[in-house]
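Basis for what follows: all heavy atoms, side chains included, without hydrogens, waters or symmetry-related copies. As the structure is a computational prediction, the values presented were derived from the model and not from experiment.
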Amino acid sequence: GKAQKEREMYEACIEGNLELREHSKTYIPQFPAESDKSYDFRIKTLTHFNLCKKTRDVMTGLVFKSEIELGDDVAKPIKKYIENIDNSGTHLDVFARKVMEERFAGYAVILADAPSTNVTTLEEQNALNLRPFLKLYKANSVWNWDWEINPVNKSKQLTLLVLREVSSQRLSTSFVTSEVVRFRVFRLINGDVTWELWREEKDAQGKVNYSLENEPMIIAGFDQIPVAIVGKLGECPPLLDIALKNIEHTQTYSDYKSILHKTCVPQFYITGMEADEAKGAVVSAQTMWTVGDPSAKVGYAEVAGSSIEKVRQSLQDIREEIALMGLALLSDKTTTADLTATEALLDNVAETAELRVWARE
């Protein structure tokens with residue numbers, strides 16, 4: 001949908017030079033009457049100043065400039081997992097930073113997961129090192145969802161969530177791996193939470209089919225799907241406007257470099273001489289030309305280039321606009337804050353600022 005297309009544009013901007021070059025027809029269009037050769041050269045020399053990624057990283061850094069402090073209400077069994085919150089060695093601070101970065105893409109989902117091996121005692125659990133952990137799913141991995149209003153307490157409940165997972169599987173007796181796509185499906189039905197796993201497969205004709213890998217299983221003790229949603233499902237990237245401005249800057253800078261390449265090299269010329277006479281001539285600092293025709297002229301032709309400065313100023317203006325857009329995330333939405341007061345904004349992020357709201361999420 002619309003959010004997906006906008007997220008693709010945002011992520012292409014975040015990825016930077018190579019991604020924009022690969023999809024140049026989309027983001028760096030060819031000028032009317034521009035030759036293919038000239039366009040190809042312009043794309044190969046494309047330079048993308050990643051101001052959108054810089055904005056995301058700076059804003060994330062503002063939120064996590066101090067380590068996360070655990071409140072007294074955090075249970076002791078949970079505290080021991082802080083050093084390895086995802087069962088892959090990631091500290092909670094690092095994991096939370098990754099979540100915040102994904103929030104700029106629109107939204108993210110954190111799943112509270114656990115191994116499915118059945119054990120009956122705590123001793124068995126400890127012996128096998130079975131433990132709960134958190135798993136982050138980016139917006140592109142949240143495939144589908146549905147909500148319902150609880151008829152009793154009128155609360156809004158997530159009743160369906162489909163998460164896309166991609167893993168590598170090594171082919172038997174081989175060092176080659178293949179990509180495996182699965183869909184983890186959670187449902188809330190009559191107060192019970194179930195989950196099932198589907199595998200995506202393609203036949204010889206490329207048609208996609210789905211096979212159920214396990215029968216629906218009830219997650220005992222849960223009356224809601226065990227996920228935390230950061231942002232709002234289906235939301236467009238909040239930095240989309242900055243991404244669009246950043247792409248505009250890249251387009252303008254590409255044009256600017258092309259103009260400089262074509263206009264800022266003086267061209268030697270002689271009047272009153274036939275082309276055949278000058279054929280094979282060498283122009284250098286050690287060359288002197290003598291022309292018998294008294295009306296002939298020798299010199300260098302240069303473009304005045306009065307418009308080049310305007311393009312350079314346009315680039316500067318775009319950068320300033322991007323900076324102001326980023327500062328808007330720190331401003332108080334209830335007042336008309338002076339966005340040029342950069343230092344004051346950074347020292348005291350308003351309580352109603354979008355960035356602080358996202359941090360609370």
Side-chain angles (χ1 to χ4, degrees), residues 1 3-4 75 77-78 80-81 84-90 92 95-96 98-99 102-103 105-122 124-153 155-170 178-202 208-235 361:
Q4 173 66 19
I78 295 179
K80 66 181 181 180
Y81 300 133
N84 181 12
I85 199 67
D86 62 351
N87 209 19
S88 297
T90 306
L92 175 62
F95 183 85
K98 290 180 179 179
V99 174
E102 291 308 316
R103 174 64 178 87
Y107 55 93
V109 166
I110 305 171
L111 171 68
D113 204 355
S116 58
T117 304
N118 292 323
V119 295
T120 57
T121 66
L122 183 60
E124 287 182 293
Q125 177 178 308
N126 292 334
L128 295 173
N129 194 29
L130 303 179
R131 46 153 294 186
F133 55 89
L134 300 184
K135 190 172 182 179
L136 173 63
Y137 290 83
K138 301 179 180 182
N140 286 339
S141 297
V142 184
W143 214 248
N144 198 9
W145 62 86
D146 195 16
W147 302 88
E148 288 184 7
I149 301 298
N150 187 296
V152 179
N153 59 28
S155 63
K156 188 177 181 180
Q157 296 179 324
L158 187 65
T159 56
L160 171 69
L161 184 65
V162 182
L163 301 174
R164 185 175 185 269
E165 302 175 348
V166 180
S167 60
S168 295
Q169 177 176 294
R170 187 167 62 87
S178 62
E179 185 179 88
V180 179
V181 178
R182 292 184 175 89
F183 292 88
R184 192 177 299 270
V185 181
F186 294 91
R187 305 180 196 271
L188 176 61
I189 304 174
N190 298 326
D192 290 328
V193 178
T194 66
W195 73 276
E196 57 201 61
L197 202 61
W198 294 77
R199 179 167 176 159
E200 180 181 284
E201 298 173 335
K202 293 183 179 179
V208 178
N209 299 296
Y210 301 94
S211 60
L212 185 63
E213 290 198 338
N214 70 282
E215 293 298 323
M217 300 175 62
I218 294 178
I219 306 178
F222 282 82
D223 59 1
Q224 59 181 346
I225 298 174
V227 295
I229 299 172
V230 183
K232 182 180 179 182
L233 295 177
E235 186 176 356
E361 291 175 349

Query raised in the report: Roughly how far apart are Tyr210 OH and Glu200 CD, rounded to 0.5 Å?
Result: 4.5 Å

Query - Leu160 vs Val185 side-chain heavy atoms within contact, under 4.5 Å - result: yes

Requested in this report: Search all heavy atoms of Lys232 against all heavy atoms of Tyr107 and return the closest pair with its distance.
Outcome: O-CD2, 3.4 Å

Query raised in the report: What distance separates Thr90 OG1 from Lys98 NZ, expressed to the nearest 0.5 Å?
Result: 4.5 Å

Report summary line: Given the options Val230, Leu136, Leu233, Leu158, Val109 meets side chain to side chain contact (heavy atoms under 4.5 Å, CB included) only with Leu233

Report task. Take Val162 and Trp198 through the side-chain contact (heavy atoms from CB on, under 4.5 Å) test and state the conclusion after the steps. Result -> CA-CA 10 Å; Val162 182; Trp198 294 77; over 6 Å; no

Query raised in the report: Which atom pair, heavy atoms only, marks the closest approach of Gly234 to Ala3?
Result: O-CB, 3.4 Å

Side-chain donor-acceptor distances from residues 212-228 under 3.5 Å, at least two apart:
| from | atom 1 | to | atom 2 | distance (Å) |
| --- | --- | --- | --- | --- |
| Glu213 | OE1 | Arg182 | NE | 2.9 |
| Glu213 | OE2 | Arg182 | NE | 3.3 |
| Asn214 | OD1 | Leu197 | N | 2.8 |

Query raised in the report: Can you find a heavy atom in the side chain of Val142 that is under 4.5 Å from one in the side chain of Leu163?
Result: yes

Query raised in the report: Are there more than 12 heavy atoms of other residues, nucleotides or ligands under 6.0 Å from atom CD of Glu148?
Result: no

Query raised in the report: What heavy-atom pair brings Phe95 and Leu134 nearest, and what distance separates the two atoms?
Result: CZ-CB, 3.9 Å

Query raised in the report: What's the shortest heavy-atom distance between Tyr81 and Pro132, and which atoms?
Result: OH-CD, 3.6 Å

Requested in this report: Taking all non-hydrogen atoms of both residues into account, name the closest pair between Arg103 and Gly231 and its distance.
Outcome: NE-CA, 3.4 Å

Report summary line: Rounded to the nearest 0.5 Å, the CZ atom of Phe133 sits from the CG atom of Asp86 at a distance of 8.5 Å

Query - Side chain proximity check, Asn140 to Gln4, heavy atoms < 4.5 angstrom - result: yes

Report summary line: Tested for salt bridge (charged side-chain N to carboxylate O under 4.0 Å, His left out) against Glu165, the lone hit among Lys135, Lys138, Arg199 is Lys135

Requested in this report: For the residue pair Leu188 and Gln157, establish whether any side-chain heavy-atom pair is separated by less than 4.5 Å.
Outcome: yes

Requested in this report: For Ile229 and Trp147, work out which heavy atoms get closest and say how close.
Outcome: CD1-CH2, 3.7 Å

